[in-house]
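Within every chain, numbering begins at 1; the chains are lettered A, B, ... in the order of the sequence lines, protein sequences first and strands thereafter.
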Protein chains: 2
Amino acid sequence: MDAETMNATDEYGIPIIPGPSDSAQRKRQAIIDAALAEFLTEGYSAASMDAITQRSGVSKATIYKHFGNKERLFLAVVGGVLPQTYAGLQCCGSTIAQAPDLRAALISFTTDWTRLVLRPDIMSLRRLVIGEIDRFPQLGQLWYRVTYDMNNGPLTEAFTELDARGTLEVPDPALAVQQLVAATLGVLQLVHTFSTDTEVDEAELSRVITSGVDLFLARYATA
Amino acid sequence: MDAETMNATDEYGIPIIPGPSDSAQRKRQAIIDAALAEFLTEGYSAASMDAITQRSGVSKATIYKHFGNKERLFLAVVGGVLPQTYAGLQCCGSTIAQAPDLRAALISFTTDWTRLVLRPDIMSLRRLVIGEIDRFPQLGQLWYRVTYDMNNGPLTEAFTELDARGTLEVPDPALAVQQLVAATLGVLQLVHTFSTDTEVDEAELSRVITSGVDLFLARYATA
DNA sequence: GTCTATACATCGATAGAC
DNA sequence: GTCTATCGATGTATAGAC
């Protein structure tokens, strides 16, 4: 691996690690899994390459051959797991505009989204990214883009269409999406951001989301 | 300083550092200022006691005499600066209930609160606390308590009173407060959490907060 | 590509003089 | 209380054999 390939990055500044070659893929995946676990529990600075070496079962030199150094390993691992985690929810925005019962559709959509976001592993990853933003600003950009733009975009289009059709009256669709997300998902996420041991209570989840959607509809639904 | 005094903590687990004695107070303050700056820029793990020593101008042994170890220094510094930063905003809740123009009062209150919360130094402190929650859960509890309960409590009482008076119709005042905060402050805070260089645009701040308050009033104001 | 062994720096914390 | 000097551990990263 020459110096140029070693320092290549994509448009977000996430390192591009050269592709597969043989069964060294399994070792690479073992390194990634071990590194993610170590980074999640220790943070970037306190995580040690020795610990990742022991967790992964490969030698330390192999890790450096594959990822170059600690910073690039961190960026590759966190930047790689992020889009893959959120891949399941992206296509649900377009169904909102055609739903027969808008209120039920909004509740269903925000509930799914909230359940995903409140998963303990995702909350931990979020805290890790937030805490390391000064060191890795690219990850902050990537996180915001993956978690919000991916869903806010289709939802904004849906509201624009519903406004044109007369079902909703939304002068600023992008802001309305932000408000809907904040009033549902955001309320619960705030609590879980600062408390690691709080369980997700199903009854409260339903109560908060329903109330948030009704808050949204009270302002934007046409009479 | 004996072992018992050295390990004393208050109800949140924040170390209690023995009181003043002489002009060693200036050295202690210099240590606190230097430590806060170092922790904010480097995080807990990457911050070095050597760097804090150099920043503060005192010797490393003096720091250990005053604060015991790195963990206690961190807890004392972060746990100490937090309540003091938020001290200015706590008494504004009771004025909401008596305001002649409720909409204007809500806009004024949430605007002040948002301006405080979006200050770069407070956003940095917030990221630091979030990133170190696994290591210092007490700070997460303290942060949530200081930043939210302190303002949510009086606001909840105000909404309860306004409900009894018939100005508002709020079946769940505590949830309504969370929604108001999320729809105003929360929308802007989310963006600045993941981006360090984004400036606070006055026009957008006014636009988002006004729209958030109107969203709130559309649901909870009586006709 | 993968390993073992190691170089070299920096870390948190302390001993002992004053 | 405050300093200088230092200890032992651990960190990242690499050299060289296979």
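Candidate nucleotides D/dC3, C/dG12, D/dT12 were compared by shortest atom distance to the side chain of A/Tyr64, and D/dT12 ranks first. Listed nucleotides: C/dT2, D/dT2, C/dG12. Nearest to the side chain of B/Lys27: D/dT2. Of the candidate nucleotides D/dC3, C/dG12, D/dA13, C/dG12 has the atom lying nearest to any side-chain atom of B/Lys70.
Atom CZ of A/Arg72 and atom C1' of D/dT12 are 16 Å apart (whole Å). Atom pair A/Ile63:CD1 and D/dG11:P shows a separation of 13 Å (rounding to whole Å applied). Rounded to whole Å, atom P of C/dC18 lies 16 Å from atom NZ of B/Lys65. Atom CG of A/Asn69 is separated from atom P of D/dT14 by 8 Å (rounded to the nearest Å). Computed from coordinates, the A/Lys60 NZ to C/dA5 P distance equals 13 Å when rounded to whole Å. If you take CZ of A/Phe67 and P of D/dT12, they are 16 Å apart, rounded to a whole angstrom. Across the protein-nucleic acid pair, A/Leu73 atom CG and D/dA13 atom P stand 10 Å apart, rounded to whole Å. Atom-to-atom, CZ of B/Arg28 to P of D/dG1 comes out at 8 Å; the value is rounded to the nearest Å.
Annotation: B/Arg145, atom CZ; neighbour count of heavy atoms from other residues, nucleotides and ligands within 6.0 Å does not exceed 12. The local environment of CD in B/Glu199 is sparse, with at most 12 non-hydrogen atoms from other residues, nucleotides or ligands closer than 6.0 Å.
When atom types are taken as modelled, the side chain of B/Lys27 and the backbone of B/Ser56 share no donor-acceptor pair closer than 3.5 angstrom. In terms of modelled atom types and a separation under 3.5 Å, the side chain of B/Thr111 and the main chain of B/Ile107 share a donor-acceptor contact. Remark: side-chain polar atoms of B/Ser211 are not paired, donor with acceptor, to backbone N or O of B/Arg207 under 3.5 angstrom. Of the possible polar contacts, one joining the B/Thr41 side chain to the B/Ala37 backbone as a donor-acceptor pair under 3.5 Å is found.
Taking both residues in full, the closest heavy atoms of A/Phe67 and A/Arg28 are given as CZ-CG, 4.1 Å, listed atom of the first, atom of the second, then distance.
Sorted by residue number, the list of members of residues 29-56 of chain A with any non-hydrogen atom under 4.0 Å from DNA chain C is empty.
Across the interface with DNA chain D, nearest-nucleotide mapping of A/Ala61 and B/Ser59 shows B/Ser59 to be the residue nearer the 5′ end.
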